[in-house]
Amino acid sequence: MATNDKIKLQGFNNLTKSLSFCIYDVCYAQTSEQKAEYIEYIDEQYSAERLTEILSECCDIIGANILNIARQDYDPQGASVTILVAEEPIKDSEAVDTTEKPGPMPDSVVAHLDKSHICVHTYPEAHPDDGICTFRADIEVSTCGIISPLKALNYLIHRLESDIVTVDYRVRGFTRDIHGIKHYIDHDINSIQNFFTSDIHDQYQMLDVNVYQENIFHTKMMLKDFDLNTYLFGTTKEELPEAEVQQITERLSKEMNEIFYGRNMPDMK
């Protein structure tokens, strides 16, 4: 389907477009004091209030009215937020941008959606012995209609600043044109990577696993640069013995590679 070819629909666009992704924040916190500082950081960065703010701005990007917000913080850390949204009147559907390129930031409203939701749930996990702490947040943006939730992905990655990201995008169902022909996707897409800005490509290494005939797209991302001080709580690498710096670096690198490749790996020698 050519990018500029507009489908004349029989009625409402019935395609369901689902963007779901996991973000991972990895750190090292060995002592009880360091773990307390880590929990304080998580409470601030991933509180229900901040996540609600981020998801609300996401609604602004895709032009959605917020119907309801449900949110909850958990003890000792973690939060859940669910937002139900509805469509604003579409003045000119021909103006909706369905091209395969990075989406806008919050100061630009580009399209509208209906019967949709945005939600986030967080999951903290810490190794009991080696000080590795991994915090995961699962985010889902599900839409019906013209707009693809991929237009919000660029904004979300920028705001959440994660070490590792796994992204899934799928178009479900079908919609009919005025001739009764079924259409199983209404926009061109070769890779989720094409929806990222150049600075994200510079920051992350990326790997695609796509099933084009099923309209299923998957991208894994991991930060290229590694500065140990950004992963330490309550100390710096300059304050640690060289052997301990090497040990912590290997543990963190192993944790991140296991998450990125989705399999357990042997200890580094």
Side-chain angles (χ1 to χ4, degrees), residues 1-22 55-68 81-104 106 108-121 138-157 165-196 208-220:
M1 181 177 62
T3 301
N4 294 326
D5 291 343
K6 300 291 185 178
I7 301 172
K8 292 190 179 297
L9 299 178
Q10 181 183 36
F12 182 76
N13 189 328
N14 291 313
L15 290 170
T16 297
K17 302 164 188 175
S18 297
L19 171 68
S20 59
F21 60 102
C22 301
L55 297 189
S56 296
E57 290 179 356
C58 180
C59 291
D60 287 342
I61 290 176
I62 53 183
N65 287 317
I66 295 175
L67 298 179
N68 176 267
V81 179
T82 300
I83 300 178
L84 297 179
V85 296
E87 176 188 16
E88 294 176 358
I90 298 179
K91 297 179 180 179
D92 184 6
S93 61
E94 296 293 314
V96 174
D97 183 5
T98 60
T99 57
E100 189 181 25
K101 65 182 181 182
S108 177
V109 175
V110 298
H112 314 273
L113 65 163
D114 189 25
K115 300 177 183 175
S116 309
H117 69 272
I118 303 175
C119 63
V120 58
H121 304 286
D138 290 352
I139 299 175
E140 180 174 333
V141 183
S142 182
T143 72
C144 285
I146 298 171
I147 186 65
S148 166
L150 285 166
K151 294 299 182 181
L153 182 57
N154 178 56
Y155 163 78
L156 290 168
I157 298 298
V165 186
T166 61
V167 188
D168 293 286
Y169 177 68
R170 182 170 187 179
V171 180
R172 294 182 171 90
F174 63 87
T175 193
R176 296 182 190 271
D177 65 20
I178 57 175
H179 304 292
I181 303 299
K182 299 182 184 71
H183 294 268
Y184 297 90
I185 194 167
D186 63 353
H187 64 93
D188 293 329
I189 175 172
N190 293 309
S191 170
I192 293 172
Q193 294 189 33
N194 294 336
F195 291 85
F196 293 123
D208 269 3
V209 180
N210 300 321
V211 186
Y212 297 106
Q213 65 270 27
E214 299 296 335
N215 294 325
I216 297 173
F217 304 87
H218 176 76
T219 296
K220 299 178 180 181

Answer yes or no: is there a donor N or O on one side and an acceptor on the other, between the side chain of Asp177 and the main chain of Lys182, under 3.5 Å? no
So do Leu15 and His183 actually touch side chain to side chain, heavy atoms under 4.5 Å? no
Which residues share a salt bridge (Lys or Arg N to Asp or Glu O under 4.0 Å) with Asp208, sequence neighbours left out: none
Closest heavy-atom pair, Phe217 versus Ile192, reported as atoms and distance to 0.1 Å, is O-CD1, 3.5 Å
For residues Gln193 and Thr219, report the shortest heavy-atom separation together with the two atoms involved. CG-CG2, 4.0 Å
Between SG of Cys59 and NE2 of His117, what distance do you get to the nearest 0.5 Å? 11.5 Å
Any non-hydrogen side-chain atom of Thr16 less than 4.5 Å from a side-chain atom of Ser142? yes
Please give me the minimum heavy-atom distance between Asp138 and Cys22, naming the atom from each residue. OD1-SG, 3.0 Å
Rounded distance (nearest 0.5 Å) linking atom CD1 of Ile139 with atom CD1 of Ile118: 10.0 Å
Find the distance between CG (Asn215) and CD (Gln213) and round it off to the nearest 0.5 Å. 9.0 Å
Below 4.5 Å, heavy atoms only, C-beta onward: do Lys17 and Asp186 meet side chain to side chain? yes
Hey, could you give me the NZ/OG1 distance between Lys220 and Thr166, rounded to the nearest 0.5 Å? 8.5 Å
Rounding to 0.5 Å, atoms CG (Asp168) and CD (Glu140) come to a distance of 10.5 Å
What I'd like to find out is whether the side chain of Val167 reaches to under 4.5 Å of the side chain of Leu153, using heavy atoms alone. yes
Do Leu156 and Phe21 have side chains that approach each other closer than 4.5 Å (heavy atoms only, starting at C-beta)? yes
Specify the closest pair of heavy atoms between Ser56 and Ile66, including all atoms of both residues, with the distance to one decimal. OG-CD1, 3.8 Å
Residues Phe195 and Asn154: closest non-hydrogen pair is O-CB, 3.8 Å
How about Ile189 and Leu150: do any of their side-chain heavy atoms sit closer than 4.5 Å? yes
What's the spacing between Tyr169 OH and Leu19 CG if we round to 0.5 Å? 8.0 Å
